[in-house]
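A short worksheet on the structure shown next.
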Amino acid sequence: MASKSTRQCWLMKSEPDVYGIDALERDGETLWDKVRNYQARNFMRDTMRVGDDVLYYHSNAEPSGVVGLARVASGPEVDPTQFEKGEYFDPLASRAEPRWFGVRVRFVERFRQPVTLAQLKADKALKGLLVIQRGQRLSVQPVEPKHFDRIAALGRGGGK
DNA sequence: GCCAACGTTGGC
DNA sequence: GCCAACGTTGGC
């Protein structure tokens, strides 16, 4: 377990057509719900802390890439969609024992230019970044602070 | 516990 | 639209 003073950074994926950074900017803050992957859930439920830095990543986009920054704005909250009829209903979840959790995510800034996946892959300073690894599908992933800072610099137009 | 079948993710 | 990679499910 990380100590309280350790800085934690993350990358969170969303499809722009589903909930892109425009939607987050408009809403200011949103509950990151509908995640149905245990590893991603565990990060949100067990590891994230309020104030953690988040890279906002557009997947299935043209181009895919990091489009801005956000921040973790709450501890874990029960994902209400697990109880609602529809795509995200989970018959094994109960109010007493919910299975799915999310955190609140707050908009911080939108990059002038997205930092594309191709750019991320080409950058030697980003070696080890999970999102550029083949087959990496996790929608919530940890990011090293130095990688976060590098990508933020690229997004703000510097760093080349 | 193994593993084949299936569904999903997401780049291309 | 294709398909590789991965997670989940379920038969045995």
Tell me, please, which residues at least two apart from [X] pass side chain to side chain contact (heavy atoms under 4.5 Å, CB included).
X	answer
A:Q113	none
A:A93	A:Q82, A:F83, A:D90, A:R99
A:T81	A:D33, A:K34, A:R36, A:D79, A:E84, A:Y88
A:V108	A:L69, A:R71

Task: A:F101 CZ to A:E77 CD distance, which is reported to the nearest 0.5 Å - done: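 That separation rounds to 10.5 Å.
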Open item on the list: So, does A:Y57 get its side chain near the phosphate of B:dG11, meaning an N or O under 4.0 Å from OP1 or OP2?
Closed with: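 Yes, A:Y57 has a side-chain N/O under 4.0 Å of OP1/OP2 on B:dG11.
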Open item on the list: For B:dG10 and A:K13 - does any side-chain N or O of the residue sit under 4.0 Å from the phosphate oxygens OP1/OP2?
Closed with: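 Answer yes for this pair, as a side-chain N or O of A:K13 is under 4.0 Å from OP1 or OP2.
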Task: Partners meeting side chain to side chain donor-acceptor pair (under 3.5 Å) with A:E25 (sequence neighbours left out) - done: none
Restricting to nitrogen or oxygen on both sides, can you table the protein-nucleotides 1-4 of chain C pairs closer than 3.5 Å?
| residue | atom | partner | partner atom | Å |
| --- | --- | --- | --- | --- |
| C:dA4 | O3' | A:R134 | NH2 | 3.2 |

TODO: Let me know the distance between CG of A:L138 and P of B:dT8, rounded to the nearest Å.
DONE: 18 Å
- [ ] Can you sort out which residues in residues 95-104 of chain A have a heavy atom within less than 4.0 Å of DNA chain C? Ascending by number, please.
- [x]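 Residues of residues 95-104 of chain A under 4.0 Å from DNA chain C: none.
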Open item on the list: Starting from A:F89 and following side-chain heavy-atom contacts under 4.5 Å between hydrophobic residues (I, L, V, M, F, W, Y), which residues can be reached?
Closed with: none
Task: Qualifying residues under ring pair (Phe, Tyr, Trp, His ring centres under 6.0 Å), relative to A:F43, sequence neighbours excluded - done: A:W10
